[in-house]
Colleague: 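My structure is below; once you've seen it, I'll send some questions.
The analysis underlying the following values was restricted to heavy atoms, covering all of them including side chains, and did not include hydrogens, waters or symmetry mates. Note on naming: letters A, B, ... go to the chains in the order of the sequence lines (proteins, then strands), and numbering restarts at 1 for each one.
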Amino acid sequence: MPLNIDIQQILLHMLNFAILFAALYFLLYKPVRRFMDNRNKYYDELEEKTNTTLSEAEKTKHEYEEKLTALKAEEKRIKAEAVNEAQIKAEKIVSDAQTKAADIIAKSKQRAAKEKDSMIKSANKEIRHIAEEAAQKLVIDGEDAYETFLNAFGNGEN
Amino acid sequence: MSKKRRIVSACIFALIIAGLITGIILTGGGRNDEEPIKEVMRDAVLHESGKINLFGLIEVNPGLVSALAVSCTLILFAVIVRIFVIPRFTIKPGRFQYLLEKAVSLFSSLAKENSGHRPVFIGGYIFAAGLYIFTSTIFELFGIQAITVSGRPIALPAPLSDINGAIAMGVFSYGVILLGGLFINGPKGAFKALKDFSLPISMSFRLFGALLSGALVTELVYYFTLTSIVIPVVVGVMFTLLHALIQAYVLTMLVSIFYGESTEPPHIKEKKTKSEKRSAKHEKVS
């Protein structure tokens with residue numbers, strides 16, 4: 001053959017390379033690749049887990065924020081309600097007090113009027129009584145009046 | 001002049017004198033009396049006279065012995081790595097693990113880039129081929145000696161600088177491409193590979209030519225005593241390393257590209273309906 005080409009040696013070279021290829025493929029390439037694939041898978045899973053946890057945390061944070069907002073709104077509403085209620089109560093108390101005060105004033109005025117009437121009546125009675133007594137005294141003791149007057153006058157001179 | 005400077009100057013002067021004396025002695029004559037350069041070059045290309053007895057069975061070129069030595073070394077290395085290193089792989093790789101992973105991922109990504117349909121098998125193939133070409137090219141640097149049939153010692157050459165080794169590599173790679181196409185795409189895939197019938201020849205002779213040129217240059221450099229002093233450090237080592245890298249890359253890339261072409265799934269053309277055909281005809285006419 002030209003160039004010293006030898007079919008037998010070519011076949012021997014091919015056999016040699018075929019065995020080498022099989023050995024390298026199964027002993028080195030495949031195990032290393034499997035290890036790398038597994039590691040990539042592990043990293044992917046880790047990333048997925050992290051992403052899931054992160055999204056869950058975000059979700060929980062969002063939920064808590066929503067709850068917080070709702071609670072703040074509720075707090076505001078309760079406060080407003082309480083203020084409103086207190087105002088209504090205060091107004092009622094004030095109006096009740098005013099009514100009571102008006103009642104008391106009216107009653108007092110009534111009582112005062114009654115007392116005034118009764119006092120006037122009793123005063124009138126007393127005045128009449130005094131007048132009667134005075135008239136009686138004037139009638140009964142008319143004769144001694146002059147003497148009394150004189151005595152009184154004499155006592156005054158002394 | 002300081003003492004240090006004086007010492008340096010004396011050293012330089014001594015080196016120049018030594019160089020001149022060496023030159024005078026060496027330029028006295030070549031090795032023409034031993035073996036003519038024509039014979040040396042012819043032997044480097046054809047290996048006609050430097051045959052080696054293989055286990056007492058047949059006489060083979062030294063390239064085949066080199067190939068067997070390289071394969072045995074690589075297989076031994078793979079076995080040791082498989083038993084002692086791979087089971088101790090960690091998530092955070094060490095230096096050696098990183099090197100192995102880098103080599104594997106280099107070839108698997110090359111396979112994915114060029115033949116993305118079936119990258120696993122061809123990734124393994126080009127990994128083995130690349131490693132073999134690289135190691136076998138570097139092998140010649142070690143200058144391992146063997147005894148020829150005629151009893152003369154010979155430095156084992158790179159396996160692929162033997163034409164039989166290069167043809168074997170090219171044809172084997174072509175066979176992988178052809179069979180890959182046949183298994184995956186049936187006769188259509190095989191036909192795609194058959195279209196490039198010149199591929200095994202081009203791949204074989206590219207490898208052979210590249211490695212042979214390196215071997216010839218090295219032989220030439222070593223033939224003359226004058227050029228065999230410092231120049232081989234650059235010519236031998238650098239050229240061999242470059243050859244090893246370039247040839248490993250070129251062959252693996254070519255194999256992955258052609259494998260990708262032959263295993264590419266066929267594009268199914270959508271059948272046109274009659275009305276579509278008619279409207280297309282009308283458009284053409286208008």
Colleague: Enumerate, atom names and distances included, each donor-acceptor pair closer than 3.5 Å involving a side-chain atom of residues 122-130 of chain B, sequence neighbours excluded.
Modeller:
residue	atom	partner	partner atom	Å
B/Y125	OH	B/S173	N	3.4
B/Y125	OH	B/S173	OG	2.8

Colleague: What part of A/A22 lies closer than 4.5 angstrom to a heavy atom of chain B: side chain, backbone, both or neither?
Modeller: neither
Colleague: Can you list the residues of residues 90-119 of chain A that sit under 4.5 Å from chain B, counting heavy atoms only?
Modeller: none
Colleague: Stepwise, does the side-chain contact (heavy atoms from CB on, under 4.5 Å) test hold for A/F35 with B/I86?
Modeller: CA-CA 9 Å; A/F35 176 83; B/I86 293 176; 5.6 Å; no
Colleague: Which region of B/V104, side chain (C-beta onward) or backbone (N, CA, C, O), has a non-hydrogen atom less than 4.5 Å from a non-hydrogen atom of chain A, or is it both or neither?
Modeller: both
Colleague: What residues of residues 51-59 of chain A make heavy-atom contacts with chain B at a cutoff under 4.5 angstrom?
Modeller: none
Colleague: Between B/L131 and chain A, which part of the residue has a heavy atom less than 4.5 Å away: side chain, backbone, both or neither?
Modeller: side chain
Colleague: Could you measure the distance from the CD1 atom of B/I75 to the CG atom of A/N16? Nearest 0.5 Å is fine.
Modeller: 7.5 Å
Colleague: To the nearest 0.5 Å, what is the distance between CE (A/M14) and CG (B/N164)?
Modeller: 11.5 Å
Colleague: Quick one: closest heavy-atom pair of B/P159 and A/H13, and the distance?
Modeller: O-CE1, 4.2 Å
Colleague: Passes side-chain contact (heavy atoms from CB on, under 4.5 Å), B/Y132 versus A/L24? Steps please.
Modeller: CA-CA 10 Å; B/Y132 177 64; A/L24 287 181; 5.8 Å; no
Colleague: Nearest 0.5 angstrom please: A/L27 CG to B/I80 CD1, how far?
Modeller: 11.5 Å
Colleague: Show me the donor-acceptor pairs, under 3.5 Å and distance only, between side chains in residues 36-47 of chain A and residues at least two apart or in other chains.
Modeller:
residue	atom	partner	partner atom	Å
A/N38	ND2	A/R34	O	3.4
A/R39	NH1	B/I91	O	3.3
A/R39	NH1	B/E101	OE1	3.3
A/R39	NH1	B/E101	OE2	3.2
A/R39	NH2	B/E101	OE1	2.6
A/R39	NH2	B/E101	OE2	3.4

Colleague: Does the ring centre of B/F121 sit less than 6.0 Å away from the ring centre of A/F21?
Modeller: yes
Colleague: Is it the case that more than 12 heavy atoms not belonging to A/E65 sit under 6.0 Å from its CD atom?
Modeller: yes
Colleague: Take atom OH in B/Y249; do more than 12 heavy atoms of anything else shown fall under 6.0 Å from it?
Modeller: no
Colleague: As an exercise, state the distance from CD of A/Q9 to CD1 of B/I58, rounded to the nearest 0.5 Å.
Modeller: 6.5 Å
Colleague: So with a 6.0 Å cut-off around CZ of B/R88, is the heavy-atom count from everything else above 12?
Modeller: no
Colleague: Using a 6.0 Å cut-off, check whether atom CZ of B/F96 has over 12 heavy atoms from anything other than its own residue.
Modeller: yes
Colleague: Show the nearest heavy-atom pair for residues A/Y29 and B/V120, with the distance to one decimal.
Modeller: CE2-O, 3.7 Å
Colleague: Under the criterion side chain to side chain contact (heavy atoms under 4.5 Å, CB included), which of A/I7, A/I10, A/D6 is the partner of B/I167?
Modeller: A/I10
